[in-house]
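Working notes, beginning with the structure itself.
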There are 2 protein chains.
Amino acid sequence: MDAVHTLLMDHQIKPSYTRVKIFKYLQEHKNHPTVDEIYQALTEELPTLSKTTVYNTLKLYIDHHLVKELVLKEQKHYDLITTPHAHFKCDRCEQLFDIAIEPPALDETYEDAFEVRDAQLLYHGVCRSCQRSQA
Amino acid sequence: MDAVHTLLMDHQIKPSYTRVKIFKYLQEHKNHPTVDEIYQALTEELPTLSKTTVYNTLKLYIDHHLVKELVLKEQKHYDLITTPHAHFKCDRCEQLFDIAIEPPALDETYEDAFEVRDAQLLYHGVCRSCQRSQA
DNA sequence: TCCATAATTGTAATCATTACAAAATTATAA
DNA sequence: TTATAATTTTGTAATGATTACAATTATGGA
Ligand SMILES: [Mn+2]
Ligand SMILES: [Mn+2]
Ligand SMILES: [Zn+2]
Ligand SMILES: [Zn+2]
């Protein structure tokens, strides 16, 4: 038996050959690969693999909280307020709210490894009025 | 004299009619409008306005740190590590690094206004090796 | 007025993501 | 096994925001 098999089965996901391959690729490449990187890497071993399958499979894993999507950009928004603050985006109504929290500074561990020029802190969830307008 | 005029002039930006209009729109709409929203709102008053101009003008303001771009999504990346942590993205080499910082929790002020389901903390800048490979 | 420069426009290209229907595979039951 | 249903995978086309770029227009000084 395979650990990935049992993990997927625990989540009611049928461990098809392709799905297991994609999962194991993520296990062996923790450096936040893109869809294209996953596709390019696996297409040798799985010559009939399609990119849609990679998208579909990742969506499946994300829905089961087995994989996290790093959402780094989207339709851009513009803010005249250039002082540090955070934002909350409602996943229902798509509204964007200001949050008066500053992104934390990097501590000594990272201080000389990275020169930070900008930080973005984004919360996702459901805003109050959208919570109410549900049952 | 106009405050926007002088502000732009201070930044060596010629305060053309269009540029002033776009800037004032941002001043009067602080809710993080998109390019399309800006364009749609101004196209009545400026019938010959083009979206490219909106893009160009915003880029100009961003370069002068008069406007901040909210980068909320981009080519997606996938992370098998679903526990809270932050990321640093190098603007030169595009590499993505893990940072062992948890996004701060929302305090009482926001606690019952927003139901947070996810948080993303992203730092931008230049990584060590890219700093070195410069003069 | 003439000319150089800058600003603006419009269209086409790019490219990641999504939609969707067809094809292939797998599971289930007769 | 064979038929049938359900699921998985595929391939292509659509979407839509952003960018590239060349053409056009406006501006300001000589
Ligand atoms: Mn804001
Ligand atoms: Mn990570
Ligand atoms: Zn909402
Ligand atoms: Zn770098």
Side-chain angles (χ1 to χ4, degrees), chain A residues 4-5 8-9 11-25 32-64 66-79 89 91 94 96, chain B residues 4-5 8-9 11-25 32-64 66-79 89 91 94 96:
Chain A
V4 173
H5 268 250
L8 295 184
M9 303 248 293
H11 287 265
Q12 352 286 355
I13 296 170
K14 289 192 189 160
S16 76
Y17 191 69
T18 309
R19 286 174 176 170
V20 171
K21 280 288 177 201
I22 291 174
F23 196 91
K24 287 188 174 171
Y25 180 86
H32 326 91
T34 64
V35 161
D36 196 65
E37 284 164 351
I38 297 167
Y39 172 77
Q40 294 301 338
L42 295 180
T43 197
E44 264 189 56
E45 234 185 321
L46 308 172
T48 73
L49 182 65
S50 89
K51 237 178 224 183
T52 304
T53 298
V54 179
Y55 276 109
N56 289 343
T57 305
L58 288 170
K59 183 177 187 333
L60 187 67
Y61 292 158
I62 290 162
D63 290 346
H64 286 267
L66 292 171
V67 166
K68 197 158 149 48
E69 188 173 69
L70 299 187
V71 178
L72 306 182
K73 210 193 268 178
E74 177 182 78
Q75 183 173 19
K76 288 165 184 163
H77 292 245
Y78 298 92
D79 198 343
K89 177 159 187 190
D91 292 327
E94 307 265 282
L96 201 55
Chain B
V4 174
H5 268 252
L8 294 183
M9 303 248 293
H11 287 265
Q12 353 286 353
I13 297 171
K14 289 192 190 161
S16 76
Y17 191 69
T18 309
R19 285 173 177 170
V20 171
K21 279 289 178 199
I22 291 174
F23 195 91
K24 287 189 173 170
Y25 180 86
H32 325 92
T34 63
V35 161
D36 196 65
E37 285 164 351
I38 297 166
Y39 172 77
Q40 294 301 337
L42 295 181
T43 197
E44 262 189 57
E45 235 186 320
L46 307 172
T48 72
L49 182 65
S50 89
K51 238 178 222 181
T52 303
T53 298
V54 180
Y55 276 109
N56 290 344
T57 305
L58 288 169
K59 183 177 187 334
L60 187 68
Y61 292 158
I62 291 161
D63 290 345
H64 286 268
L66 292 171
V67 167
K68 197 157 148 49
E69 188 173 70
L70 299 186
V71 178
L72 305 183
K73 209 194 266 178
E74 179 182 76
Q75 183 173 18
K76 287 166 184 163
H77 291 246
Y78 298 92
D79 198 342
K89 177 157 189 192
D91 293 326
E94 306 265 281
L96 201 54

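The structure presented is a predicted model; accordingly, all values stated were derived computationally and were not measured.
- Listed here is the closest heavy atom pair of A:Val20 and A:Tyr61: N-OH, 4.2 Å.
- Once rounded to the nearest 0.5 Å, the distance linking OH of A:Tyr78 with CD of B:Glu69 reads 4.5 Å.
- In this entry the distance linking OH of A:Tyr78 with P of D:dA17 reads 12 Å, nearest Å.
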Could you pull out every donor-acceptor pair under 3.5 Å between side chains of residues 44-53 of chain A and any protein atom, sequence neighbours left out?
unit_1  : atom_1 : unit_2  : atom_2 : d
A:Glu45 : OE2    : A:Lys21 : NZ     : 2.8
A:Ser50 : OG     : A:Thr52 : N      : 3.4
A:Ser50 : OG     : A:Thr53 : N      : 3.2
A:Ser50 : OG     : A:Thr53 : OG1    : 3.3
A:Lys51 : NZ     : A:Asp36 : OD1    : 2.7

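- Nucleotide D:dT9 holds its P atom 11 Å from the CD1 atom of A:Ile13, rounded to whole Å.
- When the side chain to side chain contact (heavy atoms under 4.5 Å, CB included) test is applied to A:Leu60, the partners found at least two apart in sequence or on another chain are A:Ile13, A:Arg19, A:His64.
- Considering CD1 of B:Ile62 and CG of A:Asp79, their distance stands at 10.5 Å, rounded to 0.5 Å.
- Helical stems in DNA chain D, defined as runs of 3 or more consecutive Watson-Crick or G-U wobble pairs with donor-acceptor distances under 3.5 Å: C:1-30 with D:1-30.
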B:Leu42 and B:Thr18: CA distance, side-chain angles, deciding distance, side-chain contact (heavy atoms from CB on, under 4.5 Å) verdict: CA-CA 9 Å; B:Leu42 295 181; B:Thr18 309; over 6 Å; no
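- Following rounding to the nearest Å, B:Lys21 (NZ) and C:dT8 (P) show an atom-to-atom distance of 14 Å.
- Look at B:Ser16 and you'll find a side-chain N or O under 4.0 angstrom from OP1 or OP2 of C:dT8.
- Shown for residues 40-59 of chain B: residues whose heavy atoms fall under 4.0 angstrom of DNA chain D, namely B:Thr52, B:Tyr55.
- Among the candidates B:Val67, B:Asn56, B:Thr57, B:Val4, the single residue satisfying the side chain to side chain contact (heavy atoms under 4.5 Å, CB included) test with B:Ile22 is B:Thr57.
- In terms of modelled atom types and a separation under 3.5 Å, the side chain of B:Gln40 and the main chain of B:Glu37 share no donor-acceptor contact.
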Chi angles and distances behind the side-chain contact (heavy atoms from CB on, under 4.5 Å) call for B:Leu58, B:Ile38: CA-CA 10 Å; B:Leu58 288 169; B:Ile38 297 166; 4.0 Å; yes
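- Between A:Tyr39 atom OH and C:dC15 atom C1' the separation is 15 Å, expressed in whole Å.
- In this structure, CD of B:Gln12 is placed 19 Å from P of C:dT5, rounded to the nearest angstrom.
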Taking only N/O atoms, report every protein-nucleotides 25-30 of chain D pair under 3.5 Å with atom names and distance.
none

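- In this view, B:Tyr25 and B:His29 satisfy the ring-ring contact (aromatic ring centres under 6.0 Å, His included) rule, not counting sequence neighbours.
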